[in-house]
Visitor: 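Take a look at the following structure, please.
Note that this is a predicted model, so its numbers are computed, not measured.
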Amino acid sequence: MTSVALAFSGGLDTTVCVPILKEEYGYDEVIGVNVDVGQPTDEFDEAEETAEALGLDLHVVDAKAEFADLCYDAVKANATYQGYPLGTALARPVIAEAILGVAEEQGCDAIAHGCTGKGNDQLRFEAVWRGSDLEVIAPVRELGLTREWEIEYAAEKDLPVEAGDGGVWSIDENIWSRAVEGGKLENPNYEPPEDIYEWTAEPEGETTIEVAFEEGVPVAVDGEEMDPVSLIQYLNEYAGEFGIGRTDVMEDRMLGLKVRENYEHPAATVLLTAHQALEDLVLTKNERSFKKGIEHEWSEKAYQGLVFAPVVDALDAFIDETQDVVTGTATVKVSGGNCRVVARDSEYAVYSEEMASFNTEDVAGIAQEDATGVAKYHGLQERLANDVKKAVSKPELATDGGAASDDGSGETDGN
């Protein structure tokens, strides 16, 4: 008997995949796998109800802790993509790994997802799965299915599906971010209604939040220590009350499509802001400058779902080396939907208040007048280059735009 493990959410796409995998692909058994990375409880209830109605064996895997650890890796890397904290992109490899684990435990012959051929998730799932010996199947992509066709097919088969949220928005939620797309949001000139947001309130009021770090990892908020999952969930609720963490972006997908996305990410915004502030205090100029390139590469690979790639291990090695001194606190003020740093403190600070003070005459035995020689040399090469440019006369151009001839006649070669 042949079997296939299906990434199953209970939505329209994955629900219609269940009979299709049997009828069109010839599998005797379909095993559903749902991975918990912080989705709302009602999503799991709906998935279980749908699975039961389909007679589908559904496995639910709790991967919130593993996902939170990856989110903290993203904090250390100050990871963002085109201006927003990565969320869905970070979750997909974790989900894919969990599904693959179940597929192998159950002795499945294949593994399947319900992604279309237009989005990023197909690539993120398959980057993990294609490292196994299992056949990878993508019914929606391979059969060119449309949402309209799926709705008609579900009606014909009497499948237990709902469009979800009235079919207005497509929502992907985990503990790190909440993504909203589809419907009228596909028009870049459409102003989103307030009801698309659930994690963030209308920006009003203000407060301060102190985040404590140990070697780049958040460990406490306002003096209270928490495990990663609890800390993230707490900040989502607390900072979200002040409207922190909304992003409306035109995002460039991996396949070249430009899409409009709306995100909510209160905890990610606070933690990334605080972490960057603490790094600014303890890292040297050269470390900060070089790390920017590392962060960009890390974020690009994470967006592509390639966090398990060897190159990311190498990037992590550099990042972890810098995080040895990222221990201390950073305080942010959240106000009017904005999050900004107002204080930071660390025993590893590459900073001396005495040296920086305008009231101190000397710096570590170096007198102010000692900087005169440096000031004279500073910009010398640039001044020299400008003088050389002024001294060099450029040949006059002919009135028709062509270069003047070498014989001085003023005539140009028309060939």
Side-chain angles (χ1 to χ4, degrees), residues 38 64-80 84-87 90 174-177 207-240 242 244-245 265-299 302 307 312-313 315-335 338-353:
K64 290 194 295 294
E66 292 83 354
F67 179 51
D69 288 342
L70 183 57
C71 291
Y72 276 11
D73 286 343
V75 170
K76 291 192 291 185
N78 296 318
T80 60
Y84 73 92
L86 293 161
L90 292 176
N174 56 58
I175 61 172
W176 199 238
S177 77
T207 190
T208 57
I209 303 172
E210 182 187 81
V211 182
F213 294 84
E214 290 183 4
E215 297 187 359
V217 175
V219 294
V221 174
D222 291 332
E224 183 177 350
E225 294 186 3
M226 305 180 203
D227 64 80
V229 173
S230 299
L231 190 149
I232 293 170
Q233 291 175 329
Y234 171 77
L235 280 178
N236 276 333
E237 182 176 352
Y238 185 37
F242 297 89
I244 301 303
H265 37 76
T269 298
V270 171
L271 293 177
L272 287 167
T273 302
H275 179 265
Q276 180 69 73
L278 192 55
E279 277 196 342
D280 292 347
L281 178 65
V282 302
L283 298 185
T284 65
K285 178 182 178 181
N286 287 336
E287 286 175 311
R288 293 171 64 184
S289 177
F290 189 80
K291 190 169 183 284
K292 290 296 183 184
I294 299 294
E295 292 168 357
H296 175 77
E297 289 301 320
W298 198 101
S299 301
V307 291
V312 177
D313 291 336
L315 298 175
D316 282 337
F318 174 83
I319 292 171
D320 288 342
E321 180 68 23
T322 66
Q323 299 305 291
D324 286 349
V325 294
V326 187
T327 296
T329 61
T331 302
V332 300
K333 176 172 283 188
V334 294
S335 173
N338 297 313
C339 178
R340 62 186 178 88
V341 178
V342 293
R344 71 285 281 164
D345 182 60
S346 173
E347 61 181 318
Y348 297 102
V350 185
Y351 172 79
S352 168
E353 184 176 354

Visitor: Which atoms form the tightest heavy-atom contact between Ala302 and Leu86, and what is the distance?
Guide: CB-CD1, 3.6 Å

Visitor: Under the side chain to side chain contact (heavy atoms under 4.5 Å, CB included) rule, what do Phe290 and Ile294 come out as? Steps first, then yes or no, please.
Guide: CA-CA 7 Å; Phe290 189 80; Ile294 299 294; 3.9 Å; yes

Visitor: Do Trp298 and Asp316 have side-chain N/O donor and acceptor atoms under 3.5 Å apart?
Guide: yes

Visitor: Any donor-acceptor pair under 3.5 Å linking the side-chain atoms of Ser177 with those of Tyr84?
Guide: no

Visitor: For Tyr348, run the side chain to side chain contact (heavy atoms under 4.5 Å, CB included) check against Asp324, Val326, Thr327, Leu281 and tell me which one passes.
Guide: Thr327

Visitor: Is a donor on one side and an acceptor on the other found under 3.5 Å between the side chain of Thr208 and the backbone of Lys333?
Guide: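 Not confirmed, Thr208 side chain does not pair with Lys333 backbone.
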
Visitor: I need the full list of salt bridge (charged side-chain N to carboxylate O under 4.0 Å, His left out) pairs touching residues 282-296, with sequence neighbours left out, sorted by first then second residue.
Guide: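 Applying salt bridge (charged side-chain N to carboxylate O under 4.0 Å, His left out) to every pair that reaches into residues 282-296, excluding sequence neighbours, yields Glu279-Lys291, Asp280-Arg288, Lys291-Glu295.
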
Visitor: CG/Leu315 to NE2/His296 distance, rounded to the nearest 0.5 angstrom?
Guide: 11.0 Å

Visitor: What is the minimum heavy-atom distance between Thr329 and Leu278, and which atoms define it?
Guide: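 Of all heavy-atom pairs spanning Thr329 and Leu278, the closest is O-CD1, 3.8 Å.
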
Visitor: To the nearest 0.5 Å, tell me how far Asn174 CG sits from Leu90 CG.
Guide: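 It is 8.0 Å, given to the nearest 0.5 Å.
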
Visitor: Rounded to the nearest 0.5 Å, how far apart are CH2 of Trp176 and CD1 of Ile232?
Guide: 5.0 Å

Visitor: For the residue pair Leu272 and Ala74, what are the closest heavy atoms and their distance?
Guide: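 Where Leu272 meets Ala74 most closely, the heavy atoms are CD2-O, 3.9 Å.
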
Visitor: So which heavy atom on Gly216 is nearest to which on Gln323, and how close?
Guide: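 Gly216 and Gln323 have their closest heavy atoms at CA-OE1, 3.2 Å.
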
Visitor: Any donor and acceptor pair, going by atom type alone, linking the side chain of Thr273 with main-chain N or O of Arg340 inside 3.5 Å?
Guide: no

Visitor: Keeping to residues at least two apart or across chains, list the ring pair (Phe, Tyr, Trp, His ring centres under 6.0 Å) pairs with something in residues 269-289.
Guide: Phe213-His275

Visitor: Scan the side chains in residues 221-229 for donor-acceptor partners under 3.5 Å anywhere in the protein, sequence neighbours excluded, and list what turns up.
Guide:
residue	atom	partner	partner atom	Å
Asp222	OD1	Glu210	N	2.8
Asp227	OD1	Val229	N	3.1
Asp227	OD1	Ser230	N	3.0
Asp227	OD1	Ser230	OG	3.3
Asp227	OD2	Ser230	OG	2.8

Visitor: Between the main-chain N or O of Ile319 and the side-chain N or O of Thr322, is there a donor-acceptor pair closer than 3.5 Å?
Guide: yes

Visitor: What are the two closest non-hydrogen atoms of Ala267 and Leu235, and how far apart are they?
Guide: CB-CB, 3.6 Å

Visitor: Measure across Pro266 and Asn236 and return the closest heavy-atom pair with its distance rounded to 0.1 Å.
Guide: CD-OD1, 3.4 Å

Visitor: Hey, what do you get for OH (Tyr351) to CZ (Arg344), rounding to the nearest 0.5 Å?
Guide: 10.0 Å

